[in-house]
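Note that the structure is predicted; figures quoted are calculated from it, not measured. As the structure lists them, so they are numbered: ligands from 1, and atoms in each ligand from 1.
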Amino acid sequence: MITRDDIRELANFQSPEGCAITFYYQPSTLLNKSHREEAILVKDLIRDALREVEKHGKNGRTRADLERINQMVDPVRGNGGKAKAIFACGAQGFWREFDIPAQLLKPKVAISQRFHLKPLAAVLDGEQRALVLLADRTKARVFEMVNDSITEKEDFINELTRRGKSDGYAGYDAGHAERKQMNEAMQHFKLVAEHIEQYFERGGRDRLLIGCRDDVWSEIEPHLQSLAKQRLVGHFRIDPKVATPEQVKQMARDHLAEYNTGVKQDLIREVIGEAHRNGRGAIGLRRVLRSLETGEVLTLLLGSNFQAPGVKCYHCGHMDLHAAPECAVCGKENTELEDIGDAMVGHAIRTGVELVYVPDDEEFDRIGRIAALLRFRADQNTAEKAAS
Ligand SMILES: [Zn+2]
């Protein structure tokens, strides 16, 4: 599984000789005719790349990398349907190989100065991480979920209740016993909430989801502390005593997906609104490119179907839409890019810009499939703003 650190390492890699190989391939799950056709298509792509390498007289190690990749594409056996990504540069002894989550991925073989990372924006953004707490008045269970895997980390019961029972206290009137129980439940929720808060204080970056019976939610909620409140996505109905990890995972994934969709739609609306009032929003490729280069971008929104040709100057890093042979900034030679999206994603990862991947969305298509939320606007300093 590819991690954020892996992706950062790939974004920072550079091959001045232009020998960085990017390879994406998703075999179909069925070992049928279409699988063989796909494999043959990918082998064609690799053969074309080999021909290019020879034409440009690149060194033998690039050739060896491509041949190694070629042998991994097997028209008979699949890769269990898993998408594969390989990043290699023989000249620097660099080889990284990842299974990435299944998604619609076009096969790709590219050789350039940087790795092509645009398809990984979906992987980065699609990561589902959550801490899931199940609680009732006497019990609590804590799960950690990362994508498809869920682990039950803790299972604690209300110690106060247990002690209360073993005390064998007799002679309480009914009201007193009930008050005692409520009080103990409250103490239990408080302890659980402290435990959860400590998890986030230790650096847990996950979202928080809580599963409980409907009538218990109002007793849990007031005890949540500040970090837990910030991370809380919502709560869902479940019986904490009998729920299986598989059920917990399903509920958590559904809730996270719904939450993420909502967050993205809000963000798109915010960016469009800000852009229209000349505020902290940039829409359209030209404007977003300029904002990326001036360091204004806080969050880059990239549509799943965004693609645009462009050029990049590897001397000063300038990216441009115009296919000029020379860089508009430093005058050195430009490199043509089939998709400037790859260069933008790499730039975003290197400079710590948050990436948001927008799957099919009509509103987003209308504004050009690329947008950014800005931290500031370089053309508006505060003095000018105050004066206006
Ligand atoms: Zn330049």
Using the ring-ring contact (aromatic ring centres under 6.0 Å, His included) criterion, which residues pair with His255? Sequence neighbours excluded. Phe236
Test log, rule side-chain hydrogen bond (donor to acceptor under 3.5 Å, both in side chains), inputs Glu221 and His235: CA-CA 10 Å; Glu221 196 187 8; His235 67 280; over 6 Å; no
Measure the acute angle between the ring planes of Phe115 and Phe87, then classify it against the limits of 30° and 60° as parallel, tilted or perpendicular. perpendicular
Below 3.5 Å, can you tabulate the donor-acceptor pairs from side chains in residues 223-231 to any protein atom, sequence neighbours excluded?
{"residue": "Arg231", "atom": "NH1", "partner": "Gly204", "partner atom": "O", "Å": "2.8"}

Hey, which protein N/O/S atoms does the Zn ion (ligand 1) have under 2.8 Å? Cys313 SG, Cys316 SG, Cys327 SG, Cys330 SG
Answer yes when Arg377 and Glu274 have at least one side-chain N-carboxylate O distance shorter than 4.0 Å, and no when they do not. no
Which residues satisfy the side-chain hydrogen bond (donor to acceptor under 3.5 Å, both in side chains) test with Arg96, sequence neighbours excluded? Glu9
